[in-house]
**Student:** 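Got a structure here, written out as structure tokens. Questions coming.
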Amino acid sequence: MRSRLPRRPVDGRPGEGGAALLAVLLLVAIMGAIAAAAFEKLRLSTALAMNGASLDQARAYAIGVETLLALRVDDLIAETPEVTTLAGGWNGIVRQIPLPGEGYAEGAIKDGGNCFNLNSLAEGDDPAALVARPLGVAQFTGLMRVLGISDASAGRIAEAAADWVDADQAPAPRGAEDAAYAAVDPPHRPGNTLFAEVSELRAVAGMDAETYARLRPYLCALPSTELSPINVNTLLPDQAPLVAMLAPGAIGLEAARAAIAQRPAAGWENQSDFWGTRALGGIAPSGDAVGQVQLTTHWFAFDLKVAYKGAELEETALIDARLTPSRVAVRRWGKDD
């Protein structure tokens, strides 16, 4: 009986058919992986494009809401041009506006001048030639003392902040200029011009996180070296330290709170009535501080938030109401710290 020989592949080379099949399967697997990666990149690119479009639309809506709030400011000034009071519930009230499609916008107006203006630490018309203002330094020091910051820390921070704004390179007795900042990690230099944002104060010599957090609610960086324009007709009770800083050492925190509580329902009609309140009787601040008290608001701050089709953005804006119509002086995207 004859033995049967094993069948050979057609081409005569044993085992090569399996190798070819394996190569085909490997190629299919590689192509599948490449296709999956390509589809994932396409999906990601599509999502990014949609998010970008939604964010652009949200930003456009924010500008629109900003315009509406500016019109509200103009109406407020037109209604009572001689005084700005809290009447009408405009200060700090959040209003929500539905947007077409999926989204909403929230906006709030508040008095943007009731704060210590960091740029009042210097004076001058040329931002490149500013000189330190002693009254601004004294008021900043007084504000910190009222808030429970030690005399040593308050004096050092106030003088260093004035050196940060002024144009010269000569440090105040407790201040700091280039040499002091060159020795820290990381080394940097003072601005030697106006503060662009309050957050710059974090980099000033002597400042720490705890002190900054305590000060932040009372600070602003107006695009001007004017002394803080405190509108006593819109001050809230928790803003009493801003009254105390007007006459450092002469007005206590309790007296400042009492002065705000004694405000007439329709607001003070002149500065003399404010300084003549029982709580402040007998106090004689400097001439500049007397004029610093305002009865109207010239700066308004906007806080805006827009949510649209999954995209969210926040904006803060500062409105200059000295102009007619009111217009944006500073705009920042993102949450103000």
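Position 1 is the first residue of the sequence; numbering continues from there. Values in this document were obtained by computation on a predicted structure and should not be read as measured data.
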**Student:** Please say whether more than 12 non-hydrogen atoms of neighbouring residues, nucleotides or ligands are located less than 6.0 Å from CZ in R156.
**Tutor:** no
**Student:** Taking atom CE of M207 and atom CG of L215, what is their separation to the nearest 0.5 Å?
**Tutor:** 5.5 Å
**Student:** Measure the CG-CG distance between D288 and L135 for me, rounded to the nearest 0.5 Å.
**Tutor:** 6.0 Å
**Student:** Using a distance-only test with no angle check, is there a side-chain donor-acceptor pair under 3.5 angstrom linking S326 and D74?
**Tutor:** yes
**Student:** Do the side chains of R145 and D151 get nearer than 4.5 Å, heavy atoms only?
**Tutor:** yes
**Student:** Answer yes when R72 and D75 have at least one side-chain N-carboxylate O distance shorter than 4.0 Å, and no when they do not.
**Tutor:** no
**Student:** Would you say D273's side chain and W268's backbone share a donor-acceptor pair under 3.5 angstrom?
**Tutor:** no
**Student:** How close do P241 and L147 get, counting heavy atoms only, and between which atoms?
**Tutor:** CG-CD2, 3.9 Å
**Student:** Here's a test for you: under side chain to side chain donor-acceptor pair (under 3.5 Å), which of N231, T234, T297 qualifies with N114?
**Tutor:** T234
**Student:** What's the shortest heavy-atom distance between G124 and L130, and which atoms?
**Tutor:** O-CD2, 3.6 Å
**Student:** So, taking the atom named OG in S199 and the one named CG in L201, what distance separates them when rounded to the nearest 0.5 Å?
**Tutor:** 9.0 Å
**Student:** Check the orientation of H188 and Y181. Use parallel for under 30°, tilted for 30 to 60°, and perpendicular for over 60°.
**Tutor:** tilted
**Student:** Do E226 and P229 touch side chain to side chain, with heavy atoms closer than 4.5 Å?
**Tutor:** yes
**Student:** Would you say E210 has more than 12 foreign heavy atoms packed within less than 6.0 Å of its CD?
**Tutor:** no
**Student:** Could you give me the CA-CA distance, side-chain angles and deciding distance for D168 and V131, then say whether side-chain contact (heavy atoms from CB on, under 4.5 Å) is met?
**Tutor:** CA-CA 8 Å; D168 63 46; V131 296; 5.7 Å; no
**Student:** Kindly indicate, with the supporting measurements, whether the criterion side-chain contact (heavy atoms from CB on, under 4.5 Å) is fulfilled by L118 and V165.
**Tutor:** CA-CA 9 Å; L118 288 173; V165 182; over 6 Å; no
**Student:** Work out which heavy atom in A160 is nearest to a heavy atom in V204; give both atom names and the distance.
**Tutor:** CB-CG1, 3.6 Å
**Student:** Check step by step if salt bridge (charged side-chain N to carboxylate O under 4.0 Å, His left out) holds for E315 and R331.
**Tutor:** CA-CA 7 Å; E315 176 197 348; R331 179 188 293 119; 3.4 Å; yes
**Student:** Does one hydrophobic cluster hold both L318 and F300, with members joined at side-chain heavy-atom distances below 4.5 Å?
**Tutor:** no
**Student:** Is the side chain of R133 donor-acceptor paired with the backbone N or O of T225 at a distance under 3.5 Å, no angle test?
**Tutor:** yes
**Student:** Under 3.5 Å, is there a donor on one side chain and an acceptor on the other for N192 and Q169?
**Tutor:** yes
**Student:** If I compare all heavy atoms of W90 with all of K110, which pair ends up nearest, and what's the gap?
**Tutor:** CZ3-C, 3.9 Å
**Student:** When you compare the side chain of N91 with that of I109, does any pair of heavy atoms fall below 4.5 Å?
**Tutor:** no
**Student:** Would you say the side-chain atoms of E314 pair up with the backbone N or O of V306, donor to acceptor, closer than 3.5 Å?
**Tutor:** no
**Student:** Measure the spacing between SG of C115 and CG of L222 and express it to the nearest 0.5 Å.
**Tutor:** 5.0 Å
**Student:** So, do E106 and R95 sit near enough that their side-chain heavy atoms are less than 4.5 Å apart?
**Tutor:** no
**Student:** Counting neighbours of CD on Q96 that are heavy atoms of other residues, nucleotides or ligands and sit closer than 6.0 Å, is the number greater than 12?
**Tutor:** yes
**Student:** Got a sec, which residues hit salt bridge (Lys or Arg N to Asp or Glu O under 4.0 Å) with R257, two or more places apart in sequence or on another chain?
**Tutor:** E254
**Student:** Look at the side chain of T211 and the backbone N and O of D208, then say whether any donor-acceptor pair between them is shorter than 3.5 Å.
**Tutor:** no
**Student:** Under the ring-ring contact (aromatic ring centres under 6.0 Å, His included) test against F116, which residue among F195, Y218, F140 passes?
**Tutor:** F140
**Student:** Any chain of hydrophobic side-chain contacts (each under 4.5 Å) joining L236 to L143?
**Tutor:** no
**Student:** List the residues meeting side-chain contact (heavy atoms from CB on, under 4.5 Å) with A87, not counting sequence neighbours, and say none if there are none.
**Tutor:** T85
**Student:** Nearest 0.5 angstrom please: R216 CZ to L219 CG, how far?
**Tutor:** 6.5 Å
**Student:** Do R263 and F274 have side chains that get closer than 4.5 Å, going by heavy atoms?
**Tutor:** no
**Student:** Just by distance, do the side chain of N233 and the backbone of L295 share a donor-acceptor pair under 3.5 Å?
**Tutor:** yes
**Student:** Any luck finding a side-chain donor-acceptor pair between E159 and W164 under 3.5 Å?
**Tutor:** no
**Student:** Any non-hydrogen side-chain atom of E177 less than 4.5 Å from a side-chain atom of P190?
**Tutor:** yes
**Student:** State, with a plain yes or no, whether a side-chain heavy atom of W275 is found less than 4.5 Å away from one of L246.
**Tutor:** yes
**Student:** For the CD atom of Q294 and the CD1 atom of I230, what is their distance to the nearest 0.5 Å?
**Tutor:** 9.0 Å
**Student:** Give the C-alpha distance, both sets of side-chain angles, the deciding distance and a yes or no for side-chain contact (heavy atoms from CB on, under 4.5 Å) between L227 and Q139.
**Tutor:** CA-CA 10 Å; L227 288 169; Q139 289 188 348; 4.3 Å; yes
**Student:** For I149, does its backbone N or O pair with a side-chain atom of S153 as donor and acceptor, under 3.5 Å?
**Tutor:** no
**Student:** For the pair E200 (side chain) and A196 (backbone), establish whether a donor and an acceptor sit closer than 3.5 Å, ignoring hydrogens and angles.
**Tutor:** yes
**Student:** Tell me, with the steps shown, if I34 and I30 meet side-chain contact (heavy atoms from CB on, under 4.5 Å).
**Tutor:** CA-CA 6 Å; I34 294 174; I30 293 174; 3.9 Å; yes
**Student:** If you draw a 6.0 Å radius around CD in E269, do more than 12 non-hydrogen atoms from other residues or ligands fall strictly inside?
**Tutor:** no
**Student:** If hydrophobic clusters are built from ILVMFWY residues whose side chains come within less than 4.5 Å, do I77 and W299 share one?
**Tutor:** no
**Student:** For I63, is there any backbone N or O sitting under 3.5 Å from a side-chain donor or acceptor partner on T67?
**Tutor:** yes
**Student:** Do NZ/NE/NH1/NH2 and the carboxylate oxygens of R327 and D320 come within less than 4.0 Å?
**Tutor:** no
**Student:** Taking all heavy atoms of G136 and all of L121, pick out the closest pair and write down the distance.
**Tutor:** O-CD2, 3.5 Å
**Student:** Shared ILVMFWY cluster between V232 and V83, side chains joined below 4.5 angstrom?
**Tutor:** yes
**Student:** So which heavy atom on E66 is nearest to which on A317, and how close?
**Tutor:** OE1-CB, 4.1 Å
**Student:** Contact between M31 and L27 at the side-chain level, heavy atoms closer than 4.5 Å - yes or no?
**Tutor:** yes
**Student:** Under a 4.5 Å side-chain heavy-atom rule over Ile, Leu, Val, Met, Phe, Trp and Tyr, are I97 and V73 clustered together?
**Tutor:** yes
